[in-house]
Chemist: 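Please find one structure pasted underneath; my questions will follow.
The figures here come from the full heavy-atom set of this structure, side chains too, leaving out hydrogens, waters and symmetry mates. Source: prediction; values computed, not measured. Whatever order the structure lists ligands and atoms in, that order sets their numbers, starting from 1.
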Amino acid sequence: MKRIEAVIYGVGHMNSIATRLLLDKGVEIVGAIARSPDKVGRDLGDVIGLGRDLGVAVDAGADAVLAATRPDIALVAVNSYLADQYEHLARCAEHGVNALTLAEEAFYPWRTSPDLAARLDELAKSNGVTLTGTGQQDAYWLHLVATLMGTAHRIDQVSGTVSWNVDDCGPEVARDQRVGDTPEEFAAWLESEAQPPSFGRNGLDALVADTGLEPASIASERVPVLAQRAIHCTALDQTIEAGRVIGFTDVDTIETHDGPVFTCHMTGKVYGVDESDRNEWTVSGEPDLHLSNGVVPTQMTTAASLVNRIPDVINGPAGFITVDKLPRLRYRPEALASYVEG
Ligand SMILES: NC(=O)c1ccc[n+]([C@@H]2O[C@H](COP(=O)([O-])OP(=O)(O)OC[C@H]3O[C@@H](n4cnc5c(N)ncnc54)[C@H](OP(=O)(O)O)[C@@H]3O)[C@@H](O)[C@H]2O)c1
């Protein structure tokens, strides 16, 4: 294949890192989409602090960029939940563009937003493109764990403890994690709105799907994490007073018919000094197994996973194809185009 052409859809923290990695892997950036006036009109290289211009102006007109560039793939990093993400993935499909997104719910949306996922699947099939969600979940919450499970004879329980730093993301994620709420505001939010699925829940759904087991019951709990002392949230550029919310922990448990129970404790919060991302899994059964990934540099591993997944998406069948249906994630030492079939 000639060089892969890509559009950067959302010029925030994650796609800024990914852009550099794409360039290192021989991908041609042909367009960039953002919305804020301080980015639109500037060169992408300037916005992401690359140290050189790329000859690509950041543009607010997503349809116009996709129509004019017709890239091989759009890398979408704008928001988390499928209800918000739908318009962006639908737009890519309608323009005949494959899309790979970091939206957490897109990692495995079939149980939390089945109707939207089915509509996107239809749209992707009718336009002959592949839509896929990836990110930190791909290796660290799904494929590493699934491989560990493959070394067990009998499994009773799979339990994960993962954490990530709100300050590794932008302000929207911080607001989604309710940073700055009083405990009363957080409790009122839990009561007042239908809660979006936790990122852990979508990861567990993928893991259960990978085993071929069917869920029998699903329980979810959302617990606020309160600041023990005043702490600065860089994502919001705001100091959060002691006693206010700095994020929350989701505990999701999926019981399966005739199979293991899957649990994920996932905390997304503003970190204090000396805190770092965790990713640990225990498989209980015959035998008991444990996977600890030490300190996980999530921003970098997420961006690298996003980039390394690109050939699978371009090679993939048309539809909304979750990564449990794709080859496992692979290191890509060569230019990405060399992994594209045909
Ligand atoms: N799956 C994973 O492992 C993983 C890891 C990290 C992050 N994420 C998710 O990926 C998403 C992006 O993360 P991030 O840290 O890069 O966030 P971020 O720094 O806030 O960047 C988001 C970008 O999306 C742009 N945007 C938002 N709505 C848009 C729209 N309607 N049209 C065009 N651009 C739009 C924003 O543009 P402006 O700046 O111009 O407003 C911003 O640059 C978040 O939802 C986060 O939760 C997933």
Chemist: Taking all non-hydrogen atoms of both residues, which atom of Val270 and which atom of His232 are closest, and how far apart?
Modeler: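 Where Val270 meets His232 most closely, the heavy atoms are CG1-O, 3.7 Å.
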Chemist: Show which atoms of ligand 1 fall inside a sub-4.0 Å distance from at least one heavy-atom site of Thr134.
Modeler: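 So the atoms of ligand 1 that pass are 1 (N).
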Chemist: Quick one: nearest non-hydrogen protein atom to atom 4 (C) of ligand 1, plus distance?
Modeler: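 That would be Glu104 OE2, 3.7 Å.
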Chemist: Could you work out, for atom 12 (C) of ligand 1, the closest of Gly61, Ala60, Ala77, Ala235 by heavy-atom distance?
Modeler: Ala77
Chemist: Identify the closest protein heavy atom to atom 31 (N) of ligand 1: which residue and atom is it, and at what distance?
Modeler: His88 CE1, 3.4 Å
Chemist: Is the closest heavy-atom distance from Thr101 to ligand 1 below 4.0 Å?
Modeler: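 Outside the 4.0 Å threshold, so no.
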Chemist: Test your reading of the structure: does Gly12 have an N or O sitting under 3.5 Å from an N or O of ligand 1?
Modeler: yes
Chemist: Taking distance alone, with no angle check, do Pro171 and ligand 1 share an N/O pair under 3.5 Å?
Modeler: no
Chemist: To check you understand the geometry: which heavy-atom pair defines the closest contact between Gln136 and Val296, and what is its length?
Modeler: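 Reported closest heavy-atom pair: NE2-CG1, 3.1 Å.
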Chemist: Tell me if the CG atom of Asp38 is crowded by more than 12 foreign heavy atoms within 6.0 Å.
Modeler: yes
Chemist: Please say whether Leu102 places an N or O atom under 3.5 Å from an N or O atom belonging to ligand 1.
Modeler: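 In this structure, Leu102 places an N or O atom under 3.5 Å from an N or O of ligand 1.
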Chemist: Is His13 close to ligand 1, meaning an N/O of one under 3.5 Å from an N/O of the other?
Modeler: yes
Chemist: Using distance alone, with no hydrogens and no angle criterion, decide if Thr112 and Asn202 have a side-chain donor and acceptor under 3.5 Å apart.
Modeler: yes
Chemist: Has ligand 1 got any nitrogen or oxygen that is less than 3.5 angstrom from a nitrogen or oxygen of Glu172?
Modeler: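 There is no such contact.
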Chemist: For the residue pair Tyr271 / Ser163, report whether a side-chain donor-acceptor contact shorter than 3.5 Å exists.
Modeler: yes
Chemist: To check your reading of the model: name the closest protein heavy atom to atom 7 (C) of ligand 1, its residue, and the distance in Å.
Modeler: Met14 CG, 3.6 Å
Chemist: In the protein, what heavy atom is nearest to atom 38 (P) of ligand 1, and what distance, to one decimal place, separates them?
Modeler: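 Its nearest protein heavy-atom neighbour is Ser36 OG, 3.5 Å.
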Chemist: Under 3.5 Å, side chain of His88 to main-chain N/O of Val78, donor-acceptor pair present?
Modeler: no
Chemist: Looking only at protein heavy atoms, which one is nearest to atom 44 (C) of ligand 1, and how far off is it?
Modeler: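 Ranking protein heavy atoms by distance from atom 44 (C) of ligand 1, first comes Val173 CG2, 3.6 Å.
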Chemist: Work out which heavy atom in Phe107 is nearest to a heavy atom in Gly133; give both atom names and the distance.
Modeler: CD1-O, 3.6 Å
Chemist: Just wondering, do Leu89 and Thr101 contact through their side chains at under 4.5 Å, heavy atoms?
Modeler: yes
Chemist: Quick one: does ligand 1 sit under 4.0 Å from the side chain of Thr298, the backbone, both or neither, non-hydrogen atoms only?
Modeler: neither
Chemist: Check Arg328 against Arg309 and note the closest heavy-atom contact, atom names and distance.
Modeler: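 Residues Arg328 and Arg309, closest heavy atoms: C-NH2, 3.9 Å.
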Chemist: With a 4.0 Å cut-off on N to O distance, would you call Arg42 and Asp53 a salt bridge?
Modeler: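 Salt bridge: no.
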Chemist: For atom 27 (C) of ligand 1, what's the nearest protein heavy-atom neighbour? Residue, atom name and distance, please.
Modeler: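 It is Arg35 CZ, 3.4 Å.
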Chemist: Which atoms of ligand 1 have any heavy atom of Lys39 under 4.0 Å away?
Modeler: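 Taking each heavy atom of Lys39 in turn, ligand 1 has 38 (P), 39 (O), 40 (O), 43 (O) under 4.0 Å.
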Chemist: Could you work out, for atom 25 (C) of ligand 1, the closest of Val78, Asp84, Asn79 by heavy-atom distance?
Modeler: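 Going through Val78, Asp84, Asn79 one by one, Val78 has the nearest heavy atom to atom 25 (C) of ligand 1.
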Chemist: Could you tell me, atom by atom, which parts of ligand 1 come under 4.0 Å of a heavy atom of Cys169?
Modeler: 15 (O)
Chemist: If the cut-off is 4.0 Å to any non-hydrogen atom of Gly135, which atoms of ligand 1 fall inside it?
Modeler: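 Reading through ligand 1 atom by atom, the close ones are 1 (N), 2 (C), 3 (O).
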Chemist: Charged N to carboxylate O under 4.0 angstrom, Arg111 versus Glu214?
Modeler: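 Looking at Glu214 together with Arg111, the answer is yes, because their closest N to O distance falls below 4.0 Å.
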Chemist: What is the nearest protein non-hydrogen atom to atom 3 (O) of ligand 1, stated with its residue, atom name and distance?
Modeler: Gln136 N, 2.7 Å
Chemist: Using a strict cut-off of 4.0 Å, indicate which atoms of ligand 1 neighbour a heavy atom of Ser80.
Modeler: 44 (C), 45 (O), 46 (C), 47 (O)
Chemist: How far is atom 17 (O) of ligand 1 from the closest protein heavy atom, and which atom is that?
Modeler: Gly170 N, 3.8 Å
Chemist: Quick one: does Ser198's side chain have a donor or acceptor within less than 3.5 Å of a partner on Arg201's backbone?
Modeler: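 Yes, the answer is positive, given that a donor and an acceptor are paired below the 3.5 Å cut-off.
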Chemist: Charged N to carboxylate O under 4.0 angstrom, Lys25 versus Glu334?
Modeler: no
